[in-house]
Asker: 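Please find one structure pasted underneath; my questions will follow.
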Amino acid sequence: MKKGSGSAVSRLLSPSSLSHGAQQLESLRLFLSRAQRRRAALSADAFPPFLAACRSFPSLASQTHALALKYAADLHPATATALLDLYGRRGLLRDALRVFDEMPLRDPIAWNALLSCFLRQGLAADALSTFRRMTEDGVAFTGATLSAALKACASLRAVRLGKQIHARAIREGDDSLITSTSLIDFYSACGLIQNAFDVFAGVDCDKDAAIHNSLISACVKNRRFEEAFSILGSATPNAVALTCAFSVCSRSSNPHYGKQAHCAAIRHGFDSDTTLCNAIVDMYAKCGELSSARLAFERIHRKNVVSWTSIIEAYGSHGHGVEAWNLFKKMEEEESSNGLSPNAVTFLSVLSACGHSGLVDEGRESFFAMRNKYGIDPGPEHCSSFIDLLGRAGRIEEAWHLYGELSRRSSKKLTSAVCVAMLNACRANMDLARGEQVAEHLLELGDSNPASYILLSNFYAAAGKWERAESLRRAMRNRQLKKEVGNSQFV
DNA sequence: TTAGGGTTAG
C-alpha cells in the first residue's frame, strides 16, 4: 500500500459513499488483506482512517485485531491511538491498555484516548488516577483532558477535585466551550445548579447548541422544569434540544408541551433520529398515553435496544405484563439478525413486568437466559427483582435457594435490596424463621434506608417480637432516620 | 494522522 492511501480510505468514509455500505466494506476488506501481506500498509496515514471505518463494521474486527496486535509495538502514535480508541469503543479494555503500554511515545492525545476508554467502561476512578498520573508526569493538558477529568468527577461526585479543575481552567485562561460545557455537566451532576448557571453566564455562547443543551439538561436533572422550558423556548430547535424537551415532559408527567415538541420534531425532519424517537416513546408512556407510545415506537425506522426497552418498560409499568413479554420475544425474533440483543436494562424491565403480572415461568426464563443465552451476569438488581417475583408467586423455596447462592458465592451481590426482596417474600409467605435470618443480614449490612428499618420492624411485629420491633423503631429515631413521604412500598 | 462538550430505557 502506497503512502497516501489514507486519503483513499478517508474517501471511503465521505458522506456520498456512506450509502454504499457493501462497497465500502469490500474496499476495507481489500485494504485489510493487503495489509496482512505487507506491513507497510500500517503506515500512519493509512491505518487510522481504516480503524475509524472499522467502527461501522464489527465483522472486520477480529482480523484487524490480530494484525494490529502483531505490530502493536511498532505503531506510529496516531495509529496506536486510533487502535486504542477502537478497542475502547468495543469494550476491549485489556487490548486497549496493552496498546497504550507498548507505545514508545505517548502524546497528550493518546492519554486523552485512554481517559475516554475508562469513561466508556464506567471506570471513572481509573480515569481519575490516569489524570493524576498525567499531572505527575507533566503531560500537557488539552480541553479534552479537562473535559474527561470533569466527567469522571461528575460520575464520582468528586466536588472538591472538580472545583480544583475549574480553578485550574480559570488560571490557564481556558474558557473554551468544551471545558465550559463539561463544567456545567459536572456542577449539575453534583446538584450545584447555581454554579452551572454561573459558568453559563460567563461564556459567550450565542450560537452554540451544545452549551445550551447542557444547561437544559442540567435544569432537567435538578428538576427545574420551568427554567428548562424557558431556555428551550429561547434556543433554536435541534434534535438534542427536542430530546431534552421530551425528557422534561417525561419527568414532569406533562405531555402538553411534549405534543408540541413532537410536531416540531416532525416539522424539522428530526423524526428519523432514533434517540429522539426513543424519548418520544418514553414521554408518552410516562404521561400515561400508552397507545401513543406504541404508535411512536412502531414508527421508529431503526430501532435500537433503548427503543425496545422503553416500550417493554412502558407496558410493564402499566400492568400489561403479557404484552411486555410478547414484545420481548418479538425483539429476540426480529432483531437478532440485526445484531441487536437485550441488555441488562432490558432484562430489568422484563423481570419487573413479569413480577407485576404474575408471569413466573416467563420471568424465570428471562432470568436464566440472561447468562445462558446472552452472557450477561445478573446483577443484584436483577436478583432482587427475581426474588420479589418468586415471593409474590409463593415460590419461597426457589427464592430462598437463589438467596442462599448469592450469600454463599458472592457477598457483593447480597445488597440490601436483595435482602429487602427476600424479607418481603418471607413476610408474604409467613416464613418467620427464614425472615429472621434475612433480617440479621440486613442489619449486618448497616443499611441506612429508613424503609428497610420500617420493614424490619413490621416484620418483627408480625412475628410477635414486639421488643425487637420497638428497639428498631428507637434505633431509627436515634439515628434520625425518617421515612420519606410517599415511600410506602415496603410498609 | 490519533482524542475531545450537549440527548434516550432502569
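Please read these numbers as outputs of a predicted model, since none were measured by experiment. Every chain is numbered from 1 and lettered A, B, ... according to where its sequence line falls, protein lines coming before strand lines.
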Asker: Write down the distance between CG (A:L86) and P (B:dT2), rounded to a whole number of angstrom.
Answerer: 14 Å
Asker: Does OP1 or OP2 of B:dT7 have a side-chain N or O of A:S217 closer than 4.0 Å?
Answerer: yes
Asker: Can you identify which nucleotide, out of B:dT7, B:dA3, B:dG5, has its nearest atom closest to the A:N112 side chain?
Answerer: B:dA3
Asker: Within the 4.0 Å heavy-atom criterion, would you say A:A209 contacts the bases, only the backbone, or no part of the nucleic acid?
Answerer: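 Base contact.
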Asker: Which part of the nucleic acid, if any, lies within reach of A:I211 when heavy atoms closer than 4.0 Å are counted: base, sugar-phosphate only, or nothing?
Answerer: base
Asker: From the list B:dA9, B:dG5, B:dG6, which nucleotide is the closest neighbour of the side chain of A:S214?
Answerer: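 The listed nucleotide nearest to A:S214's side chain is B:dG6.
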Asker: Quickly work out the A:F297 CZ to B:dT8 C1' distance and round it to whole Å.
Answerer: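 Checked: the CZ to C1' distance equals 14 Å.
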Asker: Just N and O in the side chain of A:R120: are any of them under 4.0 Å from OP1 or OP2 of B:dA3?
Answerer: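 Looking at the OP1 and OP2 atoms of B:dA3, neither is under 4.0 Å from any side-chain N or O of A:R120.
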Asker: Counting only side-chain nitrogens and oxygens, does A:K286 get under 4.0 Å of the OP1 or OP2 atom of B:dG10?
Answerer: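 So the side chain of A:K286 is within the cut-off, an N or O lying under 4.0 Å from OP1 or OP2 of B:dG10.
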Asker: Run the ring-centre check on A:F367 versus A:F347 and record whether the distance is less than 6.0 Å.
Answerer: no
Asker: As a test of reading the structure: which of B:dG10, B:dG6, B:dG4 is closest to the side chain of A:S349, going by heavy atoms?
Answerer: B:dG10
Asker: Donor-acceptor pair, distance only, cut-off 3.5 Å: does the side chain of A:N254 make one with the backbone of A:H256?
Answerer: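 Such a contact is found between A:N254 side chain and A:H256 backbone.
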Asker: I want to verify a distance call: between B:dA3, B:dG6, B:dA9, whose nearest atom is closest to the A:D185 side chain?
Answerer: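 Selected nucleotide (nearest to the side chain): B:dG6.
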Asker: Within the 4.0 Å heavy-atom criterion, would you say A:N238 contacts the bases, only the backbone, or no part of the nucleic acid?
Answerer: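 Base, at least one base heavy atom under 4.0 Å.
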Asker: What nucleotide among B:dG5, B:dA3, B:dA9 has an atom nearest to a side-chain atom of A:K151?
Answerer: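 It is B:dG5.
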Asker: Under 4.0 Å, counting only non-hydrogen atoms across every strand here, what does A:K303 touch: a base, just sugar-phosphate, or nothing?
Answerer: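 Answer is nothing: A:K303 stays at 4.0 Å or more from every strand.
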Asker: If you take atom types as modelled and just measure distance, does the side chain of A:D107 reach the base of B:dA3 with a donor-acceptor pair under 3.5 Å?
Answerer: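 By the distance-only test, no, there is no pair.
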Asker: Under a 3.5 Å distance rule, please check whether A:H320 uses its side chain to pair with a backbone N or O of A:G316 as donor and acceptor.
Answerer: no
Asker: Between A:F270 and A:H268, how do the two ring planes meet: parallel, tilted or perpendicular, split at 30° and 60°?
Answerer: parallel
Asker: Where the side chain of A:A82 is defined as all heavy atoms beyond and including C-beta, which of B:dT2, B:dG10, B:dA3 is the nearest nucleotide?
Answerer: B:dT2
Asker: How many whole angstroms separate atom OH of A:Y187 from atom P of B:dG6?
Answerer: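 Atom-to-atom, A:Y187 to B:dG6, this comes out as 17 Å.
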Asker: Show me the donor-acceptor pairs, under 3.5 Å and distance only, between side chains in residues 110-119 of chain A and residues at least two apart or in other chains.
Answerer:
residue	atom	partner	partner atom	Å
A:N112	OD1	A:T145	OG1	2.8
A:N112	ND2	A:T142	OG1	3.0
A:S116	OG	A:N112	O	3.2

Asker: For the residue pair A:F186 and A:H166, is the inter-centroid distance of their aromatic rings smaller than 6.0 Å?
Answerer: no
Asker: Name the closest nucleotide to the A:D85 side chain, picking from B:dA3, B:dG6, B:dA9.
Answerer: B:dA3
Asker: Measure from CD1 on A:I376 to P on B:dA9 and round the result to the nearest Å.
Answerer: 19 Å
Asker: Among the nucleotides B:dG6, B:dG10, B:dG5, which one has an atom lying closest to any side-chain atom of A:V240?
Answerer: B:dG6
Asker: Side chain of A:R251 only, heavy atoms from C-beta on: which candidate in B:dT2, B:dG5, B:dA9 is closest?
Answerer: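 Side chain of A:R251 sits closest to B:dA9.
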Asker: CG of A:L215 versus C1' of B:dG5: gap in Å, rounded?
Answerer: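 Those two atoms, CG and C1', are 14 Å apart.
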Asker: How is A:S310 classified with respect to the nucleic acid when contacts are heavy atoms under 4.0 Å: base, sugar-phosphate, or nothing?
Answerer: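 Sugar-phosphate: the residue A:S310, judged by heavy atoms under 4.0 Å, touches backbone atoms but no base.
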Asker: Looking across every strand, which nucleic acid part, if any, lies under 4.0 Å from A:T145 by heavy atom: base, sugar-phosphate, or nothing?
Answerer: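 Nothing, no nucleic acid heavy atom in range.
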Asker: Taking the six-membered ring of A:F100 as reference, does the NZ or CZ atom of A:R106 fall below 6.0 Å from its centre and within a 45° cone about the axis?
Answerer: yes
Asker: Does A:R106 place a side-chain N or O at less than 4.0 Å from the phosphate oxygens OP1/OP2 of B:dA3?
Answerer: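 Result: no.
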Asker: Atom CG of A:D271 and atom C1' of B:dT8: how far apart are they, to the nearest Å?
Answerer: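 Answer to the nearest Å: 16 Å.
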Asker: How many whole angstroms separate atom NZ of A:K221 from atom P of B:dG10?
Answerer: 15 Å
Asker: Looking only at the side chain of A:T275 (C-beta and beyond, no hydrogens), which of the listed nucleotides B:dG6, B:dT7, B:dG4 gets closest?
Answerer: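 In terms of side-chain proximity for A:T275, the closest of B:dG6, B:dT7, B:dG4 is B:dT7.
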